[in-house]
Chemist: 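First the structure, then my questions, so here it is.
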Amino acid sequence: MSGEKITVPDIMAAKGKRKLTMLTAYDYPTALLADKGGIDMLLVGDSLAMVVLGMEDTLSVGMDEMIHHTRAVKRGTSRGLVIGDMPFMSYQASIEQAVINAGRFLKEGRAQAVKLEGGARVCPQIKAMVESGIPVQGHIGLTPQSAAQFGGFKVQGKNAGAAKTLIEDAKLLEQAGCFSIVLEAIPAPIATMITEAVLIPTIGIGAGSACDGQVLVMHDLIGLFDRFVPKFVKQYAKVSDIILQAVKAYKNDVETGRFPTMEQSFTIDTKELEKIK
Ligand code: KIV
């Protein structure tokens, strides 16, 4: 794999040629690892609120927190495309506010693109961002910022009417200028239809294997967040067990005098020591 920096046109050109990979990253170490692992896109997701900041949902995380974490992710990334996730109420109230906040992700966070949730209703904001030179990734299906409207975290597009709206939304997002679209918790056959209906890549999470790429939350993938594990997650490791084991071993070593030993201690010349006594 080439070590060259991935660009938005690279992502768009990958459709139909190779599968794209995207992972969330929230800080310098997760970005370093995702980037070293060759992941194409690093999303500073608003899932930060839940998996890093311990909040109940994604609604309370703000622009300043998102920018702070985006800067850290950017410092740990040399190849992947860094995408900042626009938090709840940073783009819904007005087009002007949406463009200003999207711009902050690029200016202050040094992200190369932003992502925001919604279909037809956010197209005016997306058009204005793209006209300002800001690359935008769309996100439809289960959009967690609207979970209250959906009555919870539920699979979307399960009847013909809802599925048609999702297909229409995807086409509108493409027309508005999105360079790719995240499809979250959508029946696989509908995600396939959406993928075939647009020329931009679809990135699935709980949307089957026909999408042009896949995304997962890093802390789900590595098993560092287990308040709940969605059906669409595949845990590739159980890092929380390893960390807990290390913490317990450390506590035990300190309490029993096995840590620190001379190996982890510093000495002083005996003559110097004598002078103090
Ligand atoms: O915030 C997030 O982690 C996301 C992904 C699940 C796509 O939006």
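Throughout, residue positions are numbered sequentially from 1 according to the sequence presented.
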Chemist: Hey, are the side chains of Glu274 and Lys277 touching, using non-hydrogen atoms and a 4.5 Å cut-off?
Modeler: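 Side chain of Glu274 against side chain of Lys277, heavy atoms only: contact under 4.5 Å found.
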Chemist: Find the distance between NZ (Lys107) and CD1 (Ile67) and round it off to the nearest 0.5 Å.
Modeler: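 The CD1 atom of Ile67 is 11.5 Å from NZ of Lys107, to the nearest 0.5 Å.
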Chemist: More than 12 foreign heavy atoms under 6.0 Å from CZ of Arg258: is that the case here?
Modeler: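 Atom CZ in Arg258 is crowded, with more than 12 foreign heavy atoms closer than 6.0 Å.
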Chemist: Closer than 4.0 angstrom, basic N to acidic O: yes or no for Asp64 and Arg104?
Modeler: yes
Chemist: Are any of the side-chain nitrogens in Lys275 or Glu272 under 4.0 Å away from the carboxylate oxygens of its partner?
Modeler: yes
Chemist: Given a cutoff of under 4.5 Å between side-chain heavy atoms of I, L, V, M, F, W and Y, with clusters grown through shared members, what are the other residues clustered with Val155?
Modeler: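 When side chains under 4.5 Å apart are linked, Val155 ends up in no cluster with other residues.
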Chemist: Assess the side chains of Asp212 and Thr195: does a donor N or O sit below 3.5 Å from an acceptor N or O?
Modeler: no
Chemist: If the condition is side chain to side chain contact (heavy atoms under 4.5 Å, CB included), which residues does Leu106 pass it with, not counting sequence neighbours?
Modeler: Val114, Ile134, Pro135
Chemist: Would you list the pairs meeting ring-ring contact (aromatic ring centres under 6.0 Å, His included) in which at least one residue belongs to residues 195-246, sequence neighbours left out?
Modeler: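 As it turns out, the ring-ring contact (aromatic ring centres under 6.0 Å, His included) pairs with a partner in residues 195-246, which skip direct neighbours, are Tyr26-His219, Phe225-Phe228.
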Chemist: Taking atom CG of Asp46 and atom CD of Gln145, what is their separation to the nearest 0.5 Å?
Modeler: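 Separation between the atoms: 5.0 Å.
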Chemist: If you count heavy atoms of other groups shown closer than 6.0 angstrom to NZ of Lys19, is the number above 12?
Modeler: yes
Chemist: What pair of heavy atoms forms the shortest contact from Ser240 to Asp226, and how long is it?
Modeler: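 Here Ser240 and Asp226 meet closest at OG-OD2, 3.9 Å.
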Chemist: Might you point out which heavy atoms bring Ala191 and Cys211 nearest each other, and give the distance in Å?
Modeler: CB-SG, 4.0 Å
